[in-house]
There are 2 protein chains.
Amino acid sequence: MQANKLDLRLTKGAKKVLEAMGGIRTLATAQDIHSLLRTDGDEAPGLTTVYRALDALVSQGLVQAVELGDGEKRYELIKPGEHHHHLICSSCKDSVHLDQCLIKDLDTLIKSKYGFQVSSHLLEIFGTCKKCSEKKTR
Amino acid sequence: MQANKLDLRLTKGAKKVLEAMGGIRTLATAQDIHSLLRTDGDEAPGLTTVYRALDALVSQGLVQAVELGDGEKRYELIKPGEHHHHLICSSCKDSVHLDQCLIKDLDTLIKSKYGFQVSSHLLEIFGTCKKCSEKKTR
DNA sequence: ATAATATTGAAAATCATTTTCATATTCACA
DNA sequence: TGTGAATATGAAAATGATTTTCAATATTAT
């Protein structure tokens, strides 16, 4: 039977990657995820498989990829089809993800002003988090 | 305070790069700029120098670097200290730059809501440009 | 000038990611 | 349940953008 309600044809590797990502709250590189799996021991998939799994998960909408400008892609679990943005602290490198997209309504404005049909966007915000700015002024 | 005496200690290579970028209206990679200079002939700087020049120009605030997720940095001339964002057509790969930052006022909102001091942000918008969507519906 | 300093470029190194290819696993279906 | 086709895997090699090295040049201050 080929019932495809939600096409979740996940490979073994992808399932493990998904599982590992469940335990991470911040953005992680492919290599982060790989070494996490390695630490957890049991038959960890190789790095190549992790990359392939991440690709698959991204196109299935379960994971989002973010590129911050340092030449390394970072990945994060999302609710299927959703996305979100981050506040990234330049000092402690920690990232907080925002619970809602801050520029949802921009799409229609852009459509009417430029005739440009928005399909996705990339928004990341850099600065200093509360903790770090308190440290500085102390 | 002396405001306008900008520290323009540009190397010969950087000057050439700057010049070449003046003639480009879209985002260009280091290699684009390099081959443009090569085409223009006269004693073009090597690729290494182009990279170094771009670094310098970025830290001097004359050029902005954008990373779109394909692992290649793209560069663009800006008015010193300013920045802007792009509408990038997934179909024809052309990019239009927006004349003003669409999320200027977000900073204060984020500051009050998260205690996070914004210093910079990354915003790129992907979709289909007017020309390309007309082509499709034709 | 002359010595000290900074810039250049070719080639080598780096490093994340992708590809290759041979082997192992899963799947369709008779 | 077996059998062959299709898919998944991983180690090693390839890729490709960027960086580093290092020796040769050019620039600058003295």
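For clarity, every value in this text was computed on a predicted model and none was experimentally measured. Numbered from 1 within each chain, the chains take letters A, B, ... in sequence-line order.
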Inset, instruction - Provide, to the nearest angstrom, the distance between the CD atom belonging to B/E72 and the P atom belonging to C/dT17. - result: 15 Å

Legend entry - Atom pair distance, as rounded to whole Å: CD in B/E43 and P in C/dT7: 18 Å

Inset, instruction - Any chance you could lay out the side-chain contact (heavy atoms from CB on, under 4.5 Å) test for B/L106 and B/V118, step after step, and finish with the verdict? - result: CA-CA 9 Å; B/L106 233 55; B/V118 175; over 6 Å; no

Inset, instruction - Would you mind telling me which residue lines up with the more 5' stretch of DNA chain D, A/T11 or B/G71, judged by nearest nucleotide? - result: A/T11

Inset, instruction - Mind running side-chain contact (heavy atoms from CB on, under 4.5 Å) on A/V17 and A/I33 for me, showing each step along the way? - result: CA-CA 7 Å; A/V17 167; A/I33 295 166; 4.2 Å; yes

Legend entry - By ring pair (Phe, Tyr, Trp, His ring centres under 6.0 Å) - contacts of B/H34 (at least two apart): none

Inset, instruction - Return no unless some side-chain N or O of A/K12 is found under 4.0 Å from OP1 or OP2 of C/dT26. - result: yes

Inset, instruction - Can you tell me which residue pairs pass the salt bridge (charged side-chain N to carboxylate O under 4.0 Å, His left out) test with a partner in residues 65-84 of chain B, sequence neighbours excluded? - result: B/D70-B/R74, B/E72-B/R74

Legend entry - Span of DNA chain D, from the first to the last nucleotide whose atoms fall under 4.0 Å of chain A heavy atoms: D/dA8 to D/dA12

Legend entry - Nearest-0.5 Å distance that lies between atom CD in A/E19 and atom NZ in A/K15: 10.5 Å

Inset, instruction - Could I get the full list of side-chain hydrogen bond (donor to acceptor under 3.5 Å, both in side chains) partners for A/T29, not counting sequence neighbours? - result: A/D32

Name each donor-acceptor pair under 3.5 Å that joins a side chain in residues 95-103 of chain A to protein atoms two or more places apart or in another chain, with its distance.
| unit_1 | atom_1 | unit_2 | atom_2 | d |
| --- | --- | --- | --- | --- |
| A/D99 | OD1 | B/Y114 | OH | 3.0 |

Inset, instruction - Any chance you could pull the hydrophobic cluster mates of A/I88, using side-chain heavy atoms under 4.5 angstrom and chaining through other members? - result: A/L27, A/V66, A/L68, A/F126, B/L122

Legend entry - the helix from C/dA1-D/dT30 to C/dA30-D/dT1: angle between end helix axes, five pairs per end, rounded to 10 degrees: 30°

Inset, instruction - Spell out, yes or no, whether A/I125 and B/I125 are grouped together once hydrophobic residues are joined by side-chain heavy atoms under 4.5 Å, including indirect joins. - result: yes

Inset, instruction - Report the residues that fulfil side-chain hydrogen bond (donor to acceptor under 3.5 Å, both in side chains) with B/T26, sequence neighbours left out, ordered by chain and then residue number. - result: none

Legend entry - Selection: residues 46-53 of chain B, any non-hydrogen atom under 4.0 Å of DNA chain C: B/G46, B/T48, B/T49, B/R52

Expected list for residues 43-57 of chain A: side-chain donor-acceptor pairs under 3.5 angstrom, two or more places apart:
none

Legend entry - Whole angstrom value for the distance that separates C1' of C/dA6 from CG of B/D55: 16 Å

